[in-house]
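Residue numbers start from 1 in every chain, and the chains themselves are labelled A, B, ... in the order their sequence lines are given, proteins ahead of strands. Excluded from the calculations below are hydrogen atoms, water molecules and symmetry mates; all remaining heavy atoms, backbone and side chain alike, are included.
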Amino acid sequence: MNFEKTKSNPRAIFLMGPTASGKTGAAVELYSKLPVEIISVDSALVYRDMDIGTAKPDAKTLAKAPHHLIDIIDPTSAYSAANFRSDALRLMADITARGKIPLLVGGTMLYFKALQGGLSGLPEANQEVRARLDARAALIGWPAMHEKLALIDASTAARLEPNDAQRIQRALEVFEITGESMTQLYAKQTSEALPYKLLKLALVPSDRKVLHERIALRFDQMLTAGFLDEVKALKEKYPTLTADSTSMRCVGYRQALEHLAGEYDAAELRDRGIFATRQLAKRQLTWLRGMDDIIELDCLNPQLNESVFNEINQFISD
RNA sequence: GGCGCGAUAGCAAAGCGGUUAUGCCGCGGCCUGCAAAGCCGUUUAGACCAGUUCGACUCUGGUUCGCGCCU
């Protein structure tokens with residue numbers, strides 16, 4: 001019965017991978033050969049005017065293979081996993097209605113997880129509440145905030161580290177807004193499963209060293225392509241942008257800002273940018289290792305060979 | 001050539017005669033509205049040779065190398 005229901009679900013394809021694994025190239029190839037529409041699953045590509053540092057597909061590529069959810073907000077705005085999920089669900093329904101298959105491509109693994117697994121009915125972020133919590137934490141420190149959390153939600157506190165400012169803040173925020181603990185809210189609402197049958201592909205490097213080389217090469221290319229000018233232009237166009245803005249927490253941008261502020265020289269900018277990108281790739285790979293039903297493809301051998309296409313075609317026509 | 005100083009992990013950098021320096025990097029992991037974020041864990045030392053000592057990265061002598069000063 002469950003099987004019947006699954007069978008009748010429309011199809012969707014995930015194409016995941018760490019940064020610099022060649023996702024865009026693979027997506028364009030799939031787009032040219034299959035009845036798909038591409039949805040970007042990337043927390044950085046949503047920002048307008050952030051092109052070089054995010055390795056956004058260029059205009060020519062986007063003209064040839066359009067991506068949804070690229071350039072949808074200003075760098076002064078914030079986006080979230082919940083925003084993504086509702087945007088993606090809407091687009092997937094549209095695409096399916098057009099008789100196409102959604103191809104979700106990107107490296108923001110939390111977004112993939114939220115899309116597939118759903119989110120509980122929690123309140124959205126509230127800047128005033130967060131500012132208040134930040135102020136309090138500045139006084140007493142996050143470990144003390146963690147102790148406060150333990151009083152209202154022992155179970156959540158137990159699974160959070162005393163220094164995990166971000167999650168402690170969110171748990172306290174949720175309680176302050178709703179009067180209920182995160183634990184209670186999780187239990188209350190079971191998130192609905194994604195009503196699509198999925199084929200999950202992952203581009204994974206067979207040799208981490210080679211991925212690191214690619215990352216270094218790409219960061220150097222960004223610098224010569226005028227990455228620092230892009231960041232300067234960003235500051236001029238959006239004067240309210242600060243190092244705390246969500247968009248400026250992206251790999252490379254934060255370091256560029258620090259360098260432009262004179263905190264360190266160009267050589268160190270290069271090092272730090274590359275380190276941050278490697279660490280991002282590592283976290284992405286950790287996510288991937290823990291995901292189920294993944295078909296791994298070696299991103300160092302990027303040919304989408306016949307057997308992969310056979311698999312996809314079979315999945316589509318099943 | 002003489003004098004002085006130094007030699008600690010992939011890099012930077014301390015203390016210490018006997019229990020983990022630390023930071024960065026690297027590696028593993030966690031992950032419910034900031035996720036390209038945030039957090040947790042962790043591998044790799046004491047230039048070389050000899051001596052003192054129950055015990056030396058730590059004290060002594062020598063060798064090599066580097067830095068500075070002098071002739």
Side-chain angles (χ1 to χ4, degrees), chain A residues 17-21 23 40-47 50 53-56 73 75-87 106-127 129-130 134 137 142-143 146 156 158-171 173-174 177-178 181-191 208-209 211-212 215-216 218-219 222 242-256 264 267-268 271-291:
Chain A
T19 186
S21 62
K23 294 184 293 292
S40 165
V41 186
D42 193 301
S43 62
L45 296 188
V46 296
Y47 292 111
M50 291 170 60
T54 59
K56 191 175 287 171
I73 59 172
T76 47
S77 306
Y79 199 65
S80 71
N83 294 148
F84 168 79
R85 182 169 146 92
S86 67
D87 286 346
T108 302
M109 303 307 169
L110 176 66
Y111 288 8
F112 278 110
K113 189 198 176 205
L115 177 61
Q116 191 182 186
L119 295 167
S120 301
L122 303 180
E124 59 186 66
N126 181 306
Q127 290 316 312
V129 174
R130 289 190 178 189
D134 276 336
W142 284 106
H146 182 252
T156 297
R159 69 184 172 81
L160 297 182
E161 297 287 339
N163 279 321
D164 196 346
Q166 221 171 73
R167 292 199 177 80
I168 294 167
Q169 182 184 49
R170 162 103 275 235
E173 174 190 50
V174 165
I177 293 172
T178 64
S181 74
M182 221 172 190
T183 304
Q184 289 174 302
L185 291 167
Y186 279 177
K188 197 182 265 186
Q189 193 171 350
T190 339
S191 27
R208 180 84 62 93
K209 289 269 164 45
L211 186 72
H212 284 179
I215 285 169
R218 198 179 63 171
F219 195 73
M222 286 175 182
T242 71
D244 294 327
S245 305
T246 305
S247 61
M248 292 299 105
R249 314 251 275 213
C250 286
V251 159
Y253 288 86
R254 180 180 8 193
Q255 290 78 17
Y264 42 77
E268 192 164 348
D271 282 348
R272 292 197 188 208
I274 290 170
F275 295 157
T277 311
R278 282 186 200 158
Q279 286 163 358
L280 164 63
K282 184 154 76 83
R283 275 179 269 125
Q284 290 170 310
L285 289 168
T286 299
W287 269 114
L288 248 18
R289 268 180 230 123
M291 290 179 157

Expressed in whole Å, how much space separates the [atom1] atoms belonging to [N] and [M]?
N: B:rU19; M: B:rG1; atom1: P; answer: 43 Å
N: B:rU32; M: B:rC25; atom1: P; answer: 24 Å
N: B:rC30; M: B:rA9; atom1: P; answer: 33 Å
N: B:rC16; M: B:rG26; atom1: C1'; answer: 28 Å
N: B:rC57; M: B:rA21; atom1: C1'; answer: 13 Å
N: B:rA47; M: B:rA13; atom1: P; answer: 15 Å
N: B:rU44; M: B:rG28; atom1: C1'; answer: 15 Å
N: B:rG41; M: B:rC24; atom1: P; answer: 12 Å

Task: Closest listed nucleotide, where the reference is the side chain of A:T286 and the choices are B:rA36, B:rC30, B:rG33 - done: B:rC30
TODO: Among B:rA35, B:rA36, B:rC27, find the nucleotide with the atom closest to the side chain of A:H212.
DONE: B:rC27
Atom-pair distance ([atom1] on [X]; [atom2] on [N]), nearest Å:
X: A:N83; N: B:rU32; atom1: CG; atom2: C1'; value: 14 Å
X: A:M222; N: B:rA36; atom1: CE; atom2: C1'; value: 10 Å
X: A:L160; N: B:rU32; atom1: CG; atom2: C1'; value: 11 Å
X: A:L115; N: B:rA35; atom1: CG; atom2: C1'; value: 15 Å
X: A:L110; N: B:rC30; atom1: CG; atom2: P; value: 14 Å
X: A:W287; N: B:rA36; atom1: CH2; atom2: C1'; value: 14 Å
X: A:D87; N: B:rG33; atom1: CG; atom2: P; value: 16 Å
X: A:Q116; N: B:rU32; atom1: CD; atom2: P; value: 16 Å

In Å, rounded to the nearest 0.5 Å, how long is the span from [atom1] of [X] to [atom2] of [Y]?
X: A:D271; Y: A:Y264; atom1: CG; atom2: OH; result: 10.0 Å
X: A:R208; Y: A:R278; atom1: CZ; atom2: CZ; result: 10.5 Å
X: A:T246; Y: A:Y47; atom1: OG1; atom2: OH; result: 4.5 Å
X: A:Q284; Y: A:F112; atom1: CD; atom2: CZ; result: 10.0 Å

Under the side chain to side chain contact (heavy atoms under 4.5 Å, CB included) rule, collect the residues that match up with [X], sequence neighbours excluded.
X: A:T286; value: A:R289
X: A:S181; value: A:D153, A:T183, A:Q184
X: A:Y79; value: A:V46, A:L69, A:I72, A:I73, A:N83, A:F84, A:D87, A:Y111

- [ ] Check A:G106 against A:M109 and note the closest heavy-atom contact, atom names and distance.
- [x] O-CE, 4.4 Å
Task: Closest contact, heavy atoms only, A:P75 versus A:S245 - done: O-CB, 4.4 Å
Assign [X] to base, sugar-phosphate, or nothing according to its heavy-atom contacts below 4.0 angstrom with the strands shown.
X: A:D244; result: nothing
X: A:S43; result: base
X: A:T54; result: base
X: A:Y79; result: sugar-phosphate
X: A:G107; result: sugar-phosphate
X: A:R130; result: base

Could you pull out the protein-nucleic contacts involving nucleotides 20-25 of chain B (nitrogen or oxygen on both sides, under 3.5 Å)?
unit_1: B:rC25; atom_1: OP1; unit_2: A:Q279; atom_2: NE2; d: 2.9

- [ ] May I ask you to verify whether the side chain of A:K282 and the base of B:rG28 hold a donor-acceptor pair under 3.5 Å?
- [x] yes
Open item on the list: I want to check one thing: is the phosphate of B:rA35, taken as OP1 and OP2, less than 4.0 Å away from some side-chain N or O of A:Y111?
Closed with: yes
Open item on the list: Between A:T108 and B:rA35, is there a contact of a side-chain N or O with OP1 or OP2 at under 4.0 Å?
Closed with: no
Set out, line by line, the N/O atom pairs under 3.5 Å between protein and nucleotides 38-40 of chain B.
unit_1: B:rG38; atom_1: OP1; unit_2: A:R254; atom_2: NH1; d: 2.9
unit_1: B:rG38; atom_1: OP2; unit_2: A:R254; atom_2: NH2; d: 3.4
unit_1: B:rG38; atom_1: O4'; unit_2: A:Q166; atom_2: NE2; d: 3.0
unit_1: B:rG38; atom_1: O2'; unit_2: A:D164; atom_2: OD1; d: 3.0
unit_1: B:rG38; atom_1: N2; unit_2: A:R167; atom_2: NH1; d: 2.5
unit_1: B:rG38; atom_1: N2; unit_2: A:R167; atom_2: NH2; d: 3.4
unit_1: B:rG38; atom_1: N3; unit_2: A:R167; atom_2: NH1; d: 3.2
unit_1: B:rC40; atom_1: OP1; unit_2: A:N163; atom_2: ND2; d: 3.4

Side-chain donor or acceptor of [X] paired with backbone N/O of [Y] under 3.5 Å:
X: A:T54; Y: A:L45; answer: no
X: A:Q255; Y: A:G252; answer: yes
X: A:R85; Y: A:L115; answer: yes

Task: Where the chi angle of B:rG33 falls, syn if within 90° of 0 and anti if not - done: syn
Task: RNA chain B: 5'-proximal contact among A:M109 and A:A125 (nearest heavy atom) - done: A:A125
TODO: Could you pick out which residue, A:E173 or A:L280, lies toward the 5' side of RNA chain B when each is mapped onto its nearest nucleotide?
DONE: A:E173
Task: Base-pair map of RNA chain B as dot-bracket, where | denotes pairing with a different strand and pairs are Watson-Crick or G-U under 3.5 Å - done: (((((((..(((.....[...))).(((((.......)))))....(((((..]....)))))))))))).
TODO: Decide whether A:D134 and A:Q169 meet the rule of one side-chain donor and one side-chain acceptor closer than 3.5 Å.
DONE: yes
TODO: Decide side-chain hydrogen bond (donor to acceptor under 3.5 Å, both in side chains) for A:T19 and A:R218; before the verdict, give the C-alpha distance in whole Å, the side-chain angles of both, and the deciding distance to 0.1 Å.
DONE: CA-CA 10 Å; A:T19 186; A:R218 198 179 63 171; 2.6 Å; yes
